[in-house]
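A short worksheet on the structure shown next.
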Amino acid sequence: MADPTTTPSRPDAEAPAYEPATVERKWQARWAANRTNSPDLARGEKPFYQLMMFPYPSAEGLHIGNLYAFTGNDIHGRFQRLQGHTVFEPIGYDAFGIHSENYALKVGVPPSELIPRNIENFRRQLHRAGLMVDWSHELSTTDRSYYKWTQWIFLQLYHRGLAYKKRAAVNWCPSCKTVLSNEQVEGGFCERCGSKVEQRQLEQWFFRITDYAPRLLKNLETIDWSETTRTAQRNWIGASQGARVSFRVTDDGDRTDDITVFTTRPDTIFGATYLVLAPEHPLVDVITRPEQRAAVQQYRERTARQDIISRKTNREKTGAFTGATAINPATGQAIPVWVADYVLMEYGTGAIMAVPGHDERDYEFATAFALPIVRVVAGEGVEPDAPLHEADVEVANARVVNSGEFSGLDVEQAKTRIVTWLAGSGAAEPVTTYRLHDWCISRQRYWGPPIPIIYCESCGTVPVPEKDLPVELPYVEDVRPDDSGVSPLARHEEWYHVPCPQCGKRARRETDVSDTFLDSAWYFLRYPSSDRDDVAFDPALTRKWLPVSSYIGGNEHAVLHLLYSRFVTMVLHDAGLVSFEEPFTKFRAHGLIIREGAKMSKSRGNVVNPDQYMDDWGADTVRTYLMFLGPFEEGGDFRDRSISGVRRFLDRVWASVHDARGDGAPDADVMRKLHQTIAKVGDDIAKLSYNTAIAAMMEYVNVLRAHERVPHRAEVEPLVQLLSPFAPHVAEELWETLGHTASIFESRWPRFDAALAAENRVKIAVQVNGKLRGTVEAAKDADQAAVLALAIADAGVAKFATGTPKKVIFVPGRLLNLVV
RNA sequence: GCCCGGGUGGCGAAAUGGUAGACGCGGGGGACUUAAAAUCCCCUUCCCGCAAGGGAGUGCCGGUUCGAGUCCGGCCCCGGGCACCA
């Protein structure tokens, strides 16, 4: 690679060469000294909160993907500032969690030493990138001044009955020696380390996010978010409209038990030929007949041994008959009750009515165990008794058959009519079921905020009083987790034993720490108040700055982080602690950066190191290049070769400013292009179309310098402002060169003058039968007759347009189409 | 299987239903230079043609329209997410 930083951009010895390193160092120092990027949060006018997703400070340093996201945020924030807003652009570090801890274990350095080192490196890199960050509000989730309030958030949920403990089958990673959420399991393997995940039964703390499912779903309609992100959340919450239906178990004694199932297809109830309970279902023990007990018991044990994931991925149907039967409330028939692992306890009621005729899974099961299969739905032109060779799941234009008085109804009608009918006898009720599970926040690990709970022999579970927060994470020499499934914190005797806050007797602490997603579920509330010791977030500042005006981040957090943040905010709203339900008014997901057409990864060895590129080209060039790669919301392909074009562009802007003359008048044609550019760049930045904004500026510079013309000062000054969100350092330097003493970011976006931008003569396309046959030049507002006259006079057009046209289509200022 | 994105020159990419390929990279030619670099200018979708010019063209097949990369229907391929969720 040539050394572009030291190569003079032009031969003229009088003008200084553009040396990014010098310029960038100078302005970063000046911004810090003048507190340019630290707004007065209490008094600033027109507050605009530009939030970027805080990074996990890995040992490898800032990823180019982080830089891409931050630059996109920064441009938006700087633009808003030039529009007259007081912009708050904070940064922090999401530094707790298994990822950090595992890495610390691997290199044999305690996380409490390693993480600050990583943060220091990140901070250096973020400074280099020239972000408009208010460093006086920097935070790290690992600081006691932060996690004190993370624990406080836990207590808010606890006091509202939204935090509870239960024994649950969990995913256990034998290598990380910790519990994983379902989200952290990918196809049966640990997302972090790739080990095969196992099942374990452990006591865990959960948040009742499912209570909020309907609101989390409903509010999606009102927030201005990327459609992809909203869709992802909708699918994740996974609402299913259906009904709960009760089946009375037949018995020769006096016991009568009901099995309640959830179904989305109540219209098929006449075809329900058996019931299935999840192996963990509490009624299994109750209803199983003595002669089947051994078989059922054996089957349940077998299921319990299996890990959660392979249970879900293995589609082979297995099960056991309980010996019991239940009455189908629609047909009055007694149908057998089975146990099978294809029914999951955690979804719906943990029991289903099986309709093998119209459900693929039930069909497979019925086939395997020779259970009856009945057709109760028939598509268009299908006979009611047409034999079934597979489950018929078609519902479009299908009607219900073999279903008594309901036969003949279409599927949708039958659903409501049948539920209403069964509801009459109390056998059914319409319900909506959600796929979303409660949020398991327990981690049997060291590197996280201890969950602020104390267990006392006499008082039971006691929350740590607020005045005793934070429950400090003690220094532990050996933080390795072990097979016990208990956090290493349990081995710290002094910390573990604590007097009960209620009775003072010897009690013990909860040893689990909380999920990292809890740390990041409220950090945006902390930023404005990060210097406050007495509150998690100051009410006045929060009212002024939140909800977040603009949040831009990766769609990998489309569900977890963004959903948890919404949930926590909603809870705080209900507790009267914040005035809004939704934390992020506007969210946009940015795209992913690939490199030379391939995904970036350590194993491929094609990861872009931002430091190297900033060394070689300067931060301004790297920033602008990243934004030039492609549409910001779609991502881009980082190609080493193309970066030179962006650097050449900045060189040309630099030279233009240094060459500019102040005498005489600017050129009208150039000024027209300038005003068109002002309008385009402003519009494009607002909609994150950064690549086209840059292209527009390049076009303008090409006009400005065409045929080595010397630009006028009035032609370049606004250009520097347009460029400033993208390349802030060089823009500041050029602004100073132009004689300004204050920061360019204290200035206002150049005023767009529509009169100056207007074109008076335009080229009009002339088509014959829709095919382009020539162009004519005319006044912008020339009427059809005038343009038609010009068109017919054109030899190329005349050749094709013979005789009188049958029809003429005229789009003023654009096109004339002659239909002959 | 289901739900999102996306398929346009040699490459990254632009295009309110109205001149497809702006801008940039790469390539070719030229100016400046003793020379090179840098800079500046011109050309660069494909095919036929010396040229003038003509024809084709936005994953594939059809449709709507004076006119379709853009709208509609049906496919194919690539990327991402979800998936025994009843």
Side-chain angles (χ1 to χ4, degrees), chain A residues 2 4 7-12 187 227-232 234-236 238 240 242 261-265 276 311-317 340-344 346-355 359-362 364-365 433-437 555-556 558-559 589 591-592 594 596-597 599 625 628-631 633-646 648-649 651-652 655 689 691-692 694-699 701-702 705-708 763-775 796 799 805-811 813-820:
Chain A
T7 310
S9 51
R10 52 194 299 280
D12 187 344
E227 198 46 51
T228 52
T229 313
R230 289 197 295 181
T231 307
R234 234 174 249 130
N235 293 343
W236 189 261
S240 289
V261 306
F262 172 73
T263 179
T264 55
R265 296 292 306 275
V276 185
R311 166 165 170 185
K312 290 186 181 179
T313 44
N314 175 16
R315 268 139 220 261
E316 206 170 299
K317 295 292 175 285
D341 69 358
Y342 81 96
V343 173
L344 309 173
E346 70 260 25
Y347 185 76
T349 59
I352 61 154
M353 63 176 212
V355 185
D359 181 283
E360 283 168 24
R361 298 151 301 181
D362 297 342
E364 284 173 30
F365 190 84
T433 294
Y434 299 89
R435 200 199 74 105
L436 185 69
H437 297 337
N555 230 358
E556 68 273 15
V559 279
L592 293 178
I594 57 170
E596 312 284 345
K599 215 182 204 176
Y625 178 57
F628 188 60
L629 293 178
E633 291 176 78
E634 283 167 37
D637 188 357
F638 192 102
R639 287 177 182 261
D640 283 11
R641 235 177 9 185
S642 319
I643 195 168
S644 60
V646 168
R648 258 198 286 274
F649 164 64
D651 280 337
R652 282 157 66 80
S689 186
N691 57 332
T692 53
I694 295 163
M697 288 188 281
M698 287 174 167
E699 251 185 89
V701 170
N702 289 344
R705 299 184 64 78
H707 301 280
E708 296 187 287
K763 275 165 100 184
I764 294 176
V766 180
Q767 298 181 339
V768 179
N769 292 337
K771 269 192 201 292
L772 183 74
R773 295 300 178 185
T775 55
K799 202 160 77 182
K806 275 187 270 185
K807 193 172 173 187
V808 178
I809 285 111
F810 180 62
V811 182
R814 291 214 65 112
L815 164 141
L816 182 80
N817 186 12
L818 307 174
V819 184
V820 296

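Letters go in sequence order (proteins before strands), and every chain restarts at 1.
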Which pair of non-hydrogen atoms, one from [X] and one from [Y], has the smallest distance, and what is that distance?
X      : Y      : answer
A/K763 : A/T775 : CE-OG1, 4.1 Å
A/F262 : A/S240 : CZ-O, 3.6 Å
A/N691 : A/P631 : ND2-N, 3.4 Å

Salt bridge or not between A/R234 and A/E227? Use side-chain N to carboxylate O under 4.0 Å.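 Yes, charged N to carboxylate O under 4.0 Å.
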
Nearest whole Å is fine: how far is [N] [atom2] from [X] [atom1]?
X      : N     : atom1 : atom2 : value
A/E633 : B/A13 : CD    : C1'   : 16 Å
A/R705 : B/U39 : CZ    : C1'   : 9 Å
A/I594 : B/G5  : CD1   : C1'   : 14 Å
A/H437 : B/A83 : NE2   : P     : 9 Å
A/L772 : B/C66 : CG    : P     : 19 Å
A/Y342 : B/A86 : OH    : C1'   : 8 Å
A/R639 : B/G12 : CZ    : P     : 5 Å
A/F649 : B/A13 : CZ    : C1'   : 17 Å

[N] OP1/OP2 closer than 4.0 Å to side-chain N/O of [X]:
X      : N     : answer
A/R814 : B/U19 : yes
A/R773 : B/G55 : yes
A/R648 : B/C25 : yes
A/N691 : B/A14 : yes
A/S644 : B/G24 : no
A/N702 : B/G24 : yes
A/K599 : B/G80 : yes

Using atom [atom1] in both nucleotides, what's the gap between [N] and [M] to the nearest angstrom?
N     : M     : atom1 : value
B/G62 : B/U70 : P     : 14 Å
B/C11 : B/U58 : P     : 16 Å
B/U64 : B/A52 : C1'   : 38 Å
B/U16 : B/C25 : P     : 24 Å
B/G9  : B/A14 : P     : 14 Å
B/G80 : B/A15 : P     : 25 Å
B/A22 : B/G12 : C1'   : 14 Å
B/C76 : B/C60 : C1'   : 7 Å

Closest to side chain of [X], choosing from [options]:
X      : options             : value
A/F628 : B/A22, B/G80, B/G12 : B/G12
A/L815 : B/C23, B/U19, B/G12 : B/U19
A/P631 : B/A86, B/A13, B/C66 : B/A13
A/T228 : B/U19, B/C3, B/C4   : B/C4
A/K771 : B/A86, B/A14, B/A56 : B/A56
A/W236 : B/A86, B/C82, B/C23 : B/C82
A/A765 : B/C82, B/U19, B/A86 : B/U19
A/S642 : B/A86, B/C4, B/C25  : B/C25
A/A695 : B/C23, B/A86, B/C41 : B/C23

Working for side chain to side chain contact (heavy atoms under 4.5 Å, CB included), residues A/F628 and A/M698: CA-CA 11 Å; A/F628 188 60; A/M698 287 174 167; 3.9 Å; yes

Let's test this: given Watson-Crick or G-U wobble pairing with both distances under 3.5 Å, identify the partner of [N].
N     : result
B/U16 : none
B/G5  : B/C78
B/A38 : none

If you take atom types as modelled and just measure distance, does the side chain of A/K317 reach the base of B/C84 with a donor-acceptor pair under 3.5 Å? yes

Name the orientation class of the two ring planes belonging to A/Y342 and A/F365 (parallel below 30°, tilted from 30 to 60°, perpendicular beyond 60°). tilted

Could you tell me whether [X] contacts a base, only the sugar-phosphate backbone, or nothing, with contacts defined as non-hydrogen atoms closer than 4.0 Å?
X      : result
A/V343 : base
A/I809 : base
A/T264 : sugar-phosphate
A/E316 : base
A/Q767 : base
A/R652 : sugar-phosphate
A/R641 : sugar-phosphate
A/N817 : base

Kindly indicate whether the side chain of A/N817, heavy atoms from C-beta on, has any atom under 4.5 Å from the side chain of A/K807.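 Sidechains of A/K807 and A/N817: no contact.
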
Looking only at the side chains, is there a donor atom on one of A/R435 and A/N235 sitting less than 3.5 Å from an acceptor on the other? no

Judged by atom type as modelled, is there a donor-acceptor pair below 3.5 Å linking the side chain of A/Y625 to the main-chain atoms of A/R639?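 Answer holds: yes.
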
Residue whose nearest RNA chain B nucleotide is more 5′ - A/E708 or A/M698: A/M698

Nearest nucleotide by nearest heavy atom, which residue falls closer to the 5' end of RNA chain B, A/S240 or A/N769?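 It is A/N769 whose nearest nucleotide is closer to the 5' end.
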
